[in-house]
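Everything numeric here is computed off the predicted structure, so don't read it as measured data.
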Amino acid sequence: MKTLAEIARSSRTQFDLTDPADRSSLAQLTHQLCENGHWSIQDLQTASRDPQAALEFRLACVLVDSKRWLNTFGEAKRIGVVYAMWGEHNRLLPRSADNPHGEDSLRVKLDQLQWAFEGTQVEWTLYAVDDGCPHGSAKIARKVAAEHPAAHRVQVLELDKALPATDGPLARLACADDSRKAGAIILGCMHALDQGADAIVYTDADNSVHLGQIGLLMRGWIDEQAPVVLGDRKHADAVLVKQEARWGVGIVLLRHMQRMIGAEIYSRGILDTQAAFKLYSKEVLKGLLRSPTVYDFSFDSDWILGSLAQGA
């Protein structure tokens with residue numbers, strides 16, 4: 001049997017979260033590490049910090065840490081996982097010669113959440129919210145979800161059907177075309193709270209974040225009693241398949257806002273405001289949704305500031 005150091009150095013050095021073969025290899029390695037009770041989380045963390053540890057191995061160690069915590073977590077909780085869809089008609093479908101940008105993203109998210117929560121008392125629902133997509137993302141998502149064994153765990157929502165709103169968190173949003181992600185995230189959170197979620201996690205529509213890590217967010221919330229837990233790509237132990245990038249019409253406003261309010265956030269040690277992997281407890285989230293005014297890409301920073309204002 002290989003030693004942990006040998007496994008760490010012989011795993012894949014290149015990894016693509018959108019590639020089915022790479023995901024399958026990662027799942028096999030994660031299972032191997034999970035099943036070997038001789039290796040503690042401390043052993044895995046030490047091995048993964050070796051400069052020669054392969055990228056795939058480092059990813060697997062994070063997933064094992066998450067899964068082992070979830071396996072020992074004995075409480076009944078309800079978690080909502082929310083993401084926004086705009087122009088996701090290609091990513092929602094598998095990769096093929098005709099669809100080179102396919103990621104099979106919804107099916108992959110469901111597989112990852114099923115794996116993470118299997119054998120636990122956690123009830124979970126995935127909310128895929130169409131942000132006014134002109135390419136029919138909601139229709140495609142419903143078809144994909146209906147073919148998955150966890151179809152009952154999925155709710156596909158459409159922002160334009162919730163507008164105009166006379167009151168509530170979306171009252172200041174005139175139409176779906178005025179939303180840049182945040183309107184859809186807010187709608188998903190509203191549904192999750194109405195259906196009894198104790199906390200929500202939001203992520204992106206692509207496969208850039210492996211949702212099997214969700215136990216790490218929950219551990220911060222449960223064990224450390226943090227009502228808000230933020231993913232941090234700038235942390236020394238973060239595993240980056242590729243460096244983060246920000247594109248699109250919201251970037252100018254986002255950077256301006258960060259310069260203006262950055263000191264309040266960064267002084268708390270929060271160095272990555274835009275990571276699409278965050279947990280908000282229902283108590284904080286209800287406060288954030290009382291009267292939101294931001295419906296564009298800068299809502300991440302706005303929600304962090306709002307959480308700090310609540311004393312979180």
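For A60, the side chain to side chain contact (heavy atoms under 4.5 Å, CB included) partners two or more places apart in sequence, or in a different chain, are L26, L29, T30, L33. Applying the side chain to side chain donor-acceptor pair (under 3.5 Å) test to R107 and every residue at least two apart in sequence or in another chain returns D104. Listed by chain and number, the residues in a side chain to side chain donor-acceptor pair (under 3.5 Å) with R268 are E264 (sequence neighbours excluded).
H148 and D111 form a side-chain donor-acceptor contact under 3.5 Å, judged by distance and modelled atom types alone. Judged purely by distance below 3.5 Å, without hydrogens or angles, the side chains of D16 and T18 pair a donor atom with an acceptor atom. Between the side chains of Y127 and Q195, a donor-acceptor pair is found at a separation under 3.5 Å. Between the side chains of S25 and E56, at least one donor N or O lies within less than 3.5 Å of an accepting N or O. When only modelled atom types and interatomic distance are considered, D300 and T273 share no side-chain donor-acceptor pair under 3.5 Å. Side-chain polar atoms of Q310 and E283 form no donor-acceptor pair below 3.5 angstrom.
Side-chain atoms of N99 come within 3.5 Å of backbone atoms of N90 as a donor-acceptor pair (strictly under, hydrogens ignored). With hydrogens and angles ignored, the 3.5 Å screen pairs no side-chain donor or acceptor of K67 with any backbone N or O of V62. Between the S105 side chain and the R91 main chain, a donor and an acceptor come within less than 3.5 Å of each other. S24 places no side-chain N or O within donor-acceptor distance of the main-chain N or O of P20, the cut-off being under 3.5 Å. S137 contributes no side-chain N or O that, together with a main-chain N or O of C133, makes up a donor-acceptor pair within less than 3.5 Å. Proximity of a side-chain donor or acceptor of E6 to a complementary backbone N or O of T3 within less than 3.5 Å is detected. Under the 3.5 Å distance criterion, the side-chain polar atoms of D194 are left unmatched by any main-chain donor or acceptor of H191. Side chain of D130 to backbone of A138: a donor-acceptor contact under 3.5 angstrom is found.
Under 4.0 Å is where a charged nitrogen must lie from a carboxylate oxygen, and between D296 and K181 no such pair does. The pair E103-R23 does not count as a salt bridge, with every side-chain nitrogen at least 4.0 angstrom from each carboxylate oxygen. Salt bridge annotation for R9-D50: present, with a cationic side-chain nitrogen under 4.0 angstrom from a carboxylate oxygen. Residues D272 and R233 are paired through a salt bridge, judged by an N-O separation under 4.0 Å between the basic side chain and the carboxylate.
For an aromatic pair to be called close, the ring centres must be under 6.0 Å apart, and Y202 with F299 satisfies this.
V154 and V108 are not part of a single hydrophobic cluster, where members link through side-chain heavy atoms under 4.5 Å apart. Cluster annotation: I140 and L157 are assigned to distinct hydrophobic clusters (Ile/Leu/Val/Met/Phe/Trp/Tyr, side-chain heavy-atom contacts under 4.5 Å, transitive). The hydrophobic cluster containing V229 also contains I79, counting ILVMFWY residues as joined when their side-chain heavy atoms lie under 4.5 angstrom apart, directly or transitively. Clustering ILVMFWY residues whenever any of their side-chain heavy atoms sit less than 4.5 angstrom apart, transitively, puts L63 in the very cluster that holds L216.
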Report the C-alpha separation of Q45 and D237 in whole Å, then their side-chain angles, then the decisive distance to 0.1 Å, and conclude whether the side-chain contact (heavy atoms from CB on, under 4.5 Å) test is met. CA-CA 9 Å; Q45 289 175 339; D237 287 333; over 6 Å; no
For this session: Take V201 and K278 through the side-chain contact (heavy atoms from CB on, under 4.5 Å) test and state the conclusion after the steps.
Result: CA-CA 5 Å; V201 170; K278 296 182 172 71; over 6 Å; no
Practice problem: Apply the test salt bridge (charged side-chain N to carboxylate O under 4.0 Å, His left out) to residues K77 and D198: give CA-CA distance (whole Å), side-chain angles for both, the deciding distance (0.1 Å), then the verdict. | Solution: CA-CA 6 Å; K77 293 290 185 182; D198 296 299; 5.1 Å; no
Evaluation steps, side-chain contact (heavy atoms from CB on, under 4.5 Å), between Q14 and L55 = CA-CA 7 Å; Q14 299 293 319; L55 178 61; over 6 Å; no
Practice task
Check the pair F73 / V122 against side-chain contact (heavy atoms from CB on, under 4.5 Å), numbers first and verdict last.
Solution key: CA-CA 9 Å; F73 176 61; V122 176; 4.1 Å; yes
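By the 4.5 Å heavy-atom criterion applied to side chains, S10 and F57 are not counted as neighbours. Using a 4.5 Å cut-off on side-chain heavy atoms (C-beta onward), L159 and S179 make contact. Annotation: side chain of E123 is not in contact with side chain of F117 (no heavy-atom distance under 4.5 Å). For the pair I186/Y295, a side-chain contact is recorded, criterion being any heavy-atom separation below 4.5 Å from C-beta on. By the 4.5 Å heavy-atom criterion applied to side chains, R12 and D22 are counted as neighbours. Inter-residue side-chain proximity for D232 and L230 is flagged as unmet; no heavy-atom pair is nearer than 4.5 Å. Counting only heavy atoms from C-beta outward, the side chains of S301 and I265 approach each other to under 4.5 Å.
Taken to the nearest 0.5 Å, the CD1 atom of I185 stands 11.0 Å off from the CG atom of L289. Separation of atoms NE2 (H101) and NE2 (H89) is listed at 10.0 Å; rounding is to 0.5 Å.
Heavy atoms only, all atoms of each residue included: A141 and L92 are closest at N-CD1, 4.1 Å.
For H38, the NE2 atom is loosely surrounded, since the number of other residues' heavy atoms within 6.0 Å does not exceed 12.
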Side-chain donor-acceptor distances from residues 163-177 under 3.5 Å, at least two apart:
from, atom 1, to, atom 2, distance (Å)
R172, NH2, S291, OG, 3.1

Check residues 218-227 and write down every donor-acceptor pair under 3.5 Å in which the side-chain atom is one partner and the other belongs to a residue at least two apart or another chain.
from, atom 1, to, atom 2, distance (Å)
R219, NH1, D65, OD1, 2.9
R219, NH2, D65, OD2, 3.1
D223, OD2, W69, NE1, 2.8

Under 3.5 Å, sequence neighbours excluded: what are the donor-acceptor pairs made by side chains of residues 208-215?
from, atom 1, to, atom 2, distance (Å)
S208, OG, D206, OD1, 2.7
H210, ND1, G212, N, 2.9
Q213, NE2, H210, O, 3.0

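For the side chain to side chain contact (heavy atoms under 4.5 Å, CB included) with L279, the qualifying choice from V81, V284, I200, L217 is L217, the only one to do so.
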